[in-house]
Amino acid sequence: MIVEQRLPGSRSRAYFAEAGTLAAPRHATALDKPVGQWLTNIRRPGGLGKDPKRAKVRAAQLTAVDPEWNPAQLGWTVDWQRHYVGLAALLNEGALLL
């Protein structure tokens, strides 16, 4: 798998397990390896590669880890996604909105 070669699935899954999202800031790491800049790059137009079939496979691999890995396609920003996931985690732990 090409995505697995460029960023081993274990790293993307490890970051997702820790953060609950692949909406990582550029400086983010997982398993002591950079993950944030890679995710930023692949979200850019053409970031999954020039071959449409291969890009579709790569997107499916990322979607298997986090269906919302590319928030811009859903109509919001990476920052919004990251904050939303953080707030949802707090609410799931019993925090209250006042």
Side-chain angles (χ1 to χ4, degrees):
M1 294 182 170
I2 300 299
V3 168
E4 300 294 348
Q5 291 173 359
R6 293 184 62 200
L7 179 71
S10 59
R11 272 187 256 160
S12 58
R13 285 189 299 273
Y15 185 84
F16 182 82
E18 181 179 322
T21 183
L22 288 181
R26 285 189 196 114
H27 65 276
T29 61
L31 303 177
D32 296 322
K33 301 289 182 184
V35 66
Q37 186 62 55
W38 181 81
L39 287 164
T40 297
N41 291 343
I42 63 170
R43 285 189 196 101
R44 292 186 177 129
L48 291 172
K50 295 181 185 207
D51 178 346
K53 290 180 185 175
R54 191 177 305 159
K56 190 173 184 177
V57 169
R58 291 173 177 169
Q61 291 170 336
L62 290 161
T63 299
V65 176
D66 180 3
E68 298 173 340
W69 70 272
N70 193 357
Q73 289 182 340
L74 303 170
W76 52 83
T77 67
V78 172
D79 286 338
W80 189 94
Q81 179 72 21
R82 188 170 41 252
H83 293 301
Y84 171 81
V85 169
L87 178 60
L90 290 172
L91 292 172
N92 286 337
E93 293 172 6
L96 300 174
L97 294 176
L98 302 176

Problem set entry | N70 and L74, any side-chain heavy atoms less than 4.5 Å apart | no

Closest heavy-atom pair, L48 versus W69, reported as atoms and distance to 0.1 Å, is CD1-CH2, 3.8 Å

* Run the side-chain contact (heavy atoms from CB on, under 4.5 Å) check on V65 and Q61 step by step: do they pass? -> CA-CA 7 Å; V65 176; Q61 291 170 336; over 6 Å; no

_Donor-acceptor pair, distance only, cut-off 3.5 Å: does the side chain of R82 make one with the backbone of A23?_
yes

Evaluate the side-chain proximity of L87 to L97: yes if any heavy-atom separation is below 4.5 Å, no if none is. yes

Closest non-hydrogen contact found for W76 with Q81 is NE1-OE1, 2.6 Å

Tightest non-hydrogen contact, residues L22 and L39, listed as O-CD1, 3.4 Å

Closest non-hydrogen contact found for V35 with Y15 is CG1-CD1, 3.9 Å

Taken to the nearest 0.5 Å, the spacing of H27 NE2 from T40 OG1 works out to 10.5 Å

- Message: In terms of relative ring orientation, are Y84 and W80 parallel, tilted or perpendicular, with 30° and 60° separating the classes?
- Response: parallel

* Asked: Would you call I42 and R58 a side-chain contact if the rule is heavy atoms closer than 4.5 Å?
  -> no

L31 and A14 have their tightest heavy-atom pair at CG-CB, 3.9 Å

